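Before any comments, here is the structure.
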Amino acid sequence: MRSRLRRLVLGATALFTAASALPAAAAPSQGRAEQHPSRDGMSAVIRYTEYGIPHILAKNYADLGFGTGWAQAADEVCTLADGFVTLRGERSRYFGADTAADGALSGARTNLASDLYFRGVRESRTVEKVLAEPAPVGPSREVRGMMRGWAAGYNAWLKKNKTTDPACAGASWVRPVTELDVAARGLAIASISGEGRFVDTITTAKPPTGTTTAGSGPSARKPDAKAVAKAADELWGDPGMGSNAVAFRGDTTANGSGLLLGNPHYPWEGGRRFWQSQQTIPGELNVSGGSLLGTPAISIGFNTHVAWSHTVSTGIPANFHRLNLDPADPTTYLVDGKPERMRKRTVTVAVKDGAPVTRTQWWTRYGPVVTSLNSQVPLPWTSTTAYALYDPNASNLRFSDTSLGFSKAKSTDDVLSSLARHQGIPWVNTIAADRAGHSLYTQSQVLPRITDGLAERCSTELGRTTYPASGIAILDGSRGDCALGSDPDAVGPGIFGPARMPTLKDAPYVENSNGTAWMTNADRPITGYERVFGTVGTQLGLRTRGGIEDVAAMADKGRLTVRDLQRQQFANRVPAGDLAAGDVARACAALPGGSATGSDGKPVDVSEACGVLKAWDRTMDTGSRGALLFDRFWPRLERAVPPGQLWKVPFSAADPVGTPNTLNTDVPGLATALADTVTELRAADIALDAPLGAHQFVVRDGERLPVPGGAGQLGVWNVIQPTWDAAGGGYTEVPFGSSHLQAVGWDGSRCPVARTLLTYSQSSNPESPHFADQTRLFSGEKWVTSRFCEKDILSSPKLKVVRVHERH
């Protein structure tokens with residue numbers, strides 16, 4: 001039986017290989033094949049190996065998209081369908097207007113706000129306009145084929161299969177999709193850190209009437225510069241997404257080839273999940289990795305020659321323009337003294353069990369009018385002034401083409417070439433390594449073209465505080481000479497060209513843990529970039545400090561292999577613990593009578609905590625005792641003590657990795673934080689020396705799985721961020737953290753040496769056999785050996801072959 005199955009697979013592979021091995025003169029007919037792949041429609045062969053990982057084999061890009069859409073639907077139909085409800089602006093219709101939005105594709109707090117925004121995008125034909133642009137501004141023919149194929153594959157799966165996931169089985173909102181829906185998802189992902197963060201204020205902004213300022217009451221106050229800067233810093237510095245990645249140069253490795261470890265931190269549930277696959281068009285494309293759900297290309301991954309990953313960057317992907325309004329009409333603004341009327345976008349949304357809701361949004365040449373950064377920080381729309389948001393990623397549908405370029409790359413230089421040609425990366429850095437031993441870091445992303453000179457010349461009074469403090473520019477929108485302008489090598493106006501991107505090539509290591517480009521390599525700092533990209537010479541986060549310490553030591557050690565990358569991923573070292581736990585234990589032991597006063601004024605016996613912290617191994621392994629105590633203590637201490645008082649040795653730009661250091665144990669907040677932590681754990685009936693895994697967990701198939709790792713605030717590489725529920729007696733299930741892991745190198749053969757792990761498993765359907773299998777591996781700190789080459793796929797003991805097709 002096994003040999004017969006292999007013969008069938010080999011036959012299918014040979015068929016696709018023959019179909020793809022066409023001479024160059026056949027290119028026009030290949031183009032026609034993208035439109036009409038076969039008489040029976042699109043088709044693909046999907047070979048499943050262990051853990052439900054699909055290896056999708058196709059003759060062309062449309063068929064590849066078809067197989068990808070089919071396989072994603074098989075694993076994640078409910079999550080995908082829920083996202084398409086969002087993109088159509090129909091959440092209120094099916095789930096109610098006031099229900100909290102899903103949060104996967106925007107920061108909208110309610111379904112109504114989400115619907116008003118996304119239906120507005122749909123009705124303004126924003127996506128169609130971008131699709132109509134010729135490449136590279138619009139998507140290439142190959143990506144158009146993949147998007148069209150993805151929609152067809154998703155629809156074909158829906159038509160042929162019964163949904164078993166209880167999250168949407170039998171639901172009327174699970175419907176076929178179009179290429180437009182797939183493109184809309186890509187656009188939403190690109191703008192999730194720009195317009196997507198401001199959906200609530202975009203959809204509620206109203207012009208003032210009479211003498212009333214829009215958003216009367218608190219929102220009518222003059223914006224406070226420091227409050228705006230702080231809010232902006234928090235807005236683009238939130239932990240909703242993050243990552244680590246490191247690439248090593250060949251002279252640090254055992255065989256001269258490069259190495260890459262990717263460790264993105266994303267939500268474990270919902271539409272921001274990664275999904276694994278291998279995509280193959282024989283003779284054209286062969287790549288393996290993780291895709292963001294609903295996207296047709298590999299987002300992070302590897303091929304025979306190159307491996308790459310992304311980390312969320314410090315670049316500020318949007319900016320504001322202050323509008324000077326016509327005194328006679330607050331919906332007309334002046335540019336160089338000439339009036340321009342705002343564009344009204346009136347949107348009607350159907351509501352479950354209620355009347356439709358109609359609201360108006362206001363748009364300008366810069367973008368939508370907004371009236372706040374958050375609920376506490378207004379940007380009021382008065383009779384004389386309003387603020388508009390500019391987000392260059394709101395028309396950026398180039399991410400898939402950029403990723404496809406990575407997928408076909410043969411070197412890190414090819415990765416840079418794809419970035420330069422397509423300029424489609426919205427809010428992440430790129431870290432890459434190749435077979436020849438090259439390493440690469442680049443913050444090549446789509447940012448508003450805010451130069452320091454422009455900010456100096458055109459910032460408003462408010463902007464002169466916010467830009468240096470947080471990188472958020474607030475420009476004078478009434479002056480034509482304050483337009484963002486163009487770089488000659490940029491794909492379009494208003495964004496930076498490739499030559500301005502912070503980049504470091506061929507350093508012994510390049511590492512990023514969501515810090516600025518400056519400390520990509522401690523021995524080769526990057527400087528000279530504009531403030532909007534991030535800071536230079538400022539204090540590093542503990543995860544960046546710990547990451548640089550670890551990978552610099554690895555590079556110095558040399559002779560590195562993929563196994564060293566695997567060890568780094570699960571070292572679970574706590575840099576905050578290394579810096580402070582010993583001092584805390586000693587300060588605790590010195591407390592008179594072993595007692596500290598809590599924030600409620602009551603004395604607490606903390607003597608047991610002293611010994612627990614002293615004995616703690618300074619890791620966040622599941623069996624570590626004392627990890628949970630320190631995990632709850634450290635954030636409380638940082639909140640209680642001003643940053644300038646926490647350490648005896650302050651930060652120095654001359655030693656950014658080593659400073660600040662030496663905990664100031666004399667601050668009164670330390671004893672209080674310790675007392676409150678002991679009180680909190682005892683109230684939850686948790687022993688102070690409880691093993692971490694007893695309380696940091698997920699439940700899968702009725703089994704409680706301990707989860708290793710810890711908070712990025714502690715400096716832990718393997719980020720895991722559970723939510724504390726005091727009333728519920730401790731941590732809830734892990735909702736966020738390490739996601740699609742990959743450790744990749746090469747050994748001289750054509751097959752990359754790769755170990756991967758999708759921490760939350762391939763399917764969120766509890767009825768799927770791949771709902772928890774990789775999560776169990778993650779719990780045990782184990783990896784999946786990638787099956788990339790044909791011989792490895794065919795030798796899988798779990799090999800299952802499915803031919804999928806679209807019948808007309």
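Hydrogens, waters and symmetry mates are skipped; everything else that's a heavy atom, side chains included, is used. Numbers here simply count residues along the sequence, with the first being 1. Nothing here was measured: the structure is a model prediction, and the numbers come from that model.
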* Decide yes or no on side-chain contact (heavy atoms from CB on, under 4.5 Å) for Ile526 and Trp518, but give the supporting numbers first. => CA-CA 4 Å; Ile526 305 173; Trp518 174 52; 5.7 Å; no
* Asked: For Ser92 and Asn111, what are the C-alpha separation, side-chain angles and deciding distance, and is it a side-chain hydrogen bond (donor to acceptor under 3.5 Å, both in side chains)?
  -> CA-CA 5 Å; Ser92 300; Asn111 286 336; 5.5 Å; no
* To do: Check whether the side chains of Thr371 and Thr201 place a donor and an acceptor atom closer than 3.5 Å, and report yes or no.
  => yes
* Within the distance-only criterion (no hydrogens, no angle test), does the side chain of Ser739 pair as donor or acceptor with the backbone N or O of Pro264 below 3.5 angstrom? -> yes
* Is it true that Asp336 and Lys338 have a side-chain N and a carboxylate O under 4.0 angstrom from each other? -> no
* So how far is it from Thr364 OG1 to Arg343 CZ, rounded to the nearest 0.5 Å? -> 7.0 Å
* Is there side-chain contact between Leu475 and Ile450, with heavy atoms separated by less than 4.5 Å? -> yes
* To do: Determine, step by step, whether Glu76 and Ser764 satisfy the side-chain contact (heavy atoms from CB on, under 4.5 Å) criterion, reporting the C-alpha distance in whole Å, the side-chain angles of both residues, the deciding distance to 0.1 Å, and the verdict.
  => CA-CA 6 Å; Glu76 292 287 355; Ser764 55; 2.5 Å; yes
* Donor + acceptor pair across side chains of Ser513, Asn244 (<3.5 Å) -> yes
* Asked: Roughly how far apart are Thr99 OG1 and Leu112 CG, rounded to 0.5 Å?
  -> 10.5 Å
* Verify, without hydrogens or angle tests, whether Thr348 (side chain) and Thr358 (backbone) share a donor-acceptor contact under 3.5 angstrom. => no
* To do: Go through Leu292 and Tyr266 one step at a time and tell me if the side-chain contact (heavy atoms from CB on, under 4.5 Å) criterion holds.
  => CA-CA 10 Å; Leu292 288 172; Tyr266 277 67; 4.2 Å; yes
* Under a 4.0 Å N-O cut-off, is there an ion pair linking Asp115 with Arg93? -> no
* **Check: Gln423 side chain, Val491 main-chain N or O, donor-acceptor pair, under 3.5 Å** => yes
* CG (Asp452) with more than 12 external heavy atoms under 6.0 Å -> yes
* Would you confirm whether Glu123, through its side chain, and Gly120, through its main-chain N or O, come within 3.5 Å as a donor-acceptor pair? => no
* Sub-4.5 Å side-chain heavy-atom contact between Ser478 and Tyr333 -> no
* Backbone N or O of Gly424 within a donor-acceptor pair of the Thr402 side chain at under 3.5 Å? -> yes
* Asked: Pick one: which of Pro317, Pro426, Ser191 meets side chain to side chain contact (heavy atoms under 4.5 Å, CB included) with Asn396?
  -> Pro426
* Name the one of Leu404, Leu187, Val446, Ile425 that satisfies side chain to side chain contact (heavy atoms under 4.5 Å, CB included) with Phe399? -> Ile425
* Arg457 side chain to Asp481 main-chain N or O, any donor-acceptor pair under 3.5 Å? -> yes
* Asked: Going by the angle between their ring planes, with limits at 30° and 60°, are Tyr154 and Phe84 parallel, tilted or perpendicular?
  -> perpendicular
* To do: Taking Arg543 for its side chain and Ser243 for its backbone only, find out whether a donor-acceptor pair lies under 3.5 Å.
  => yes
* Structure fact -> Distance col, row Ile474:CD1 vs Asn319:CG, nearest 0.5 angstrom, shows 9.0 Å
* Check: Leu373 and Phe198 side chains under 4.5 Å, non-hydrogen atoms -> yes
* If you draw a 6.0 Å radius around CD in Glu456, do more than 12 non-hydrogen atoms from other residues or ligands fall strictly inside? -> no
* Asked: Hey, are the side chains of Leu87 and Leu105 touching, using non-hydrogen atoms and a 4.5 Å cut-off?
  -> yes
* Would you mind reporting whether Phe274 and Thr759 have side-chain heavy atoms less than 4.5 Å apart? => no
* To do: Output the distance between atom CD (Glu179) and atom CZ (Arg144), rounded to the nearest 0.5 Å.
  => 4.0 Å
* Asked: When you measure from the side chain of Trp427 to the backbone N and O of Ile189, does any donor-acceptor pair fall under 3.5 Å?
  -> yes
* Which value, rounded to the nearest 0.5 Å, describes the distance between Leu379 atom CG and Arg322 atom CZ? -> 12.0 Å
* To do: Flag the pair Tyr387 / His321 as yes when at least one side-chain heavy-atom distance between them is below 4.5 Å, and no otherwise.
  => no
* For Val428 and Val312, run side-chain contact (heavy atoms from CB on, under 4.5 Å): C-alpha distance rounded to whole Å, both residues' side-chain angles, the deciding distance at 0.1 Å, then the answer. => CA-CA 4 Å; Val428 291; Val312 176; 4.3 Å; yes
* Asked: Are Arg341 and Asp329 close enough for a salt bridge, meaning some N to O gap below 4.0 Å?
  -> yes
* Give a yes or no on whether the backbone of Val85 and the side-chain of Tyr94 come within a donor-acceptor separation of less than 3.5 Å. => no
* Asked: Would the number of heavy atoms belonging to other residues, nucleotides or ligands and lying under 6.0 Å from CZ of Arg479 be above 12?
  -> yes
* **With sequence neighbours excluded, residues passing ring pair (Phe, Tyr, Trp, His ring centres under 6.0 Å) with Phe118** => none
* Spacing of OG belonging to Ser372 relative to CH2 belonging to Trp381, to within rounding of 0.5 Å -> 13.0 Å
* Go through the side-chain N and O atoms of Ser738 and Asn263 and say whether any donor and acceptor fall under 3.5 Å apart. => yes
* To do: Could you tell me whether the side chain of Met146 reaches within less than 4.5 Å of the side chain of Ser400, counting heavy atoms only?
  => no
* Asked: Do Phe406 and Leu419 have side-chain heavy atoms sitting under 4.5 Å apart?
  -> yes
* **Within 6.0 angstrom of Arg125 CZ, more than 12 heavy atoms from elsewhere** => no
* Return yes if a side-chain donor-acceptor contact under 3.5 Å exists between Thr332 and Asp326, otherwise no. => no
* Starting from the C-alpha separation in whole Å, work towards a yes-or-no answer on salt bridge (Lys or Arg N to Asp or Glu O under 4.0 Å) for Arg421 and Asp401. => CA-CA 9 Å; Arg421 172 169 171 73; Asp401 268 304; over 6 Å; no
* Asked: What residue among Arg91, Arg175, Arg273 forms salt bridge (charged side-chain N to carboxylate O under 4.0 Å, His left out) with Asp82?
  -> Arg91
* Does Pro368 offer a backbone N or O that forms a donor-acceptor pair with the side chain of Tyr390 under 3.5 Å? -> no
* To do: Show your reasoning for whether side-chain hydrogen bond (donor to acceptor under 3.5 Å, both in side chains) applies to Thr311 and Asn429.
  => CA-CA 5 Å; Thr311 60; Asn429 308 294; 3.0 Å; yes
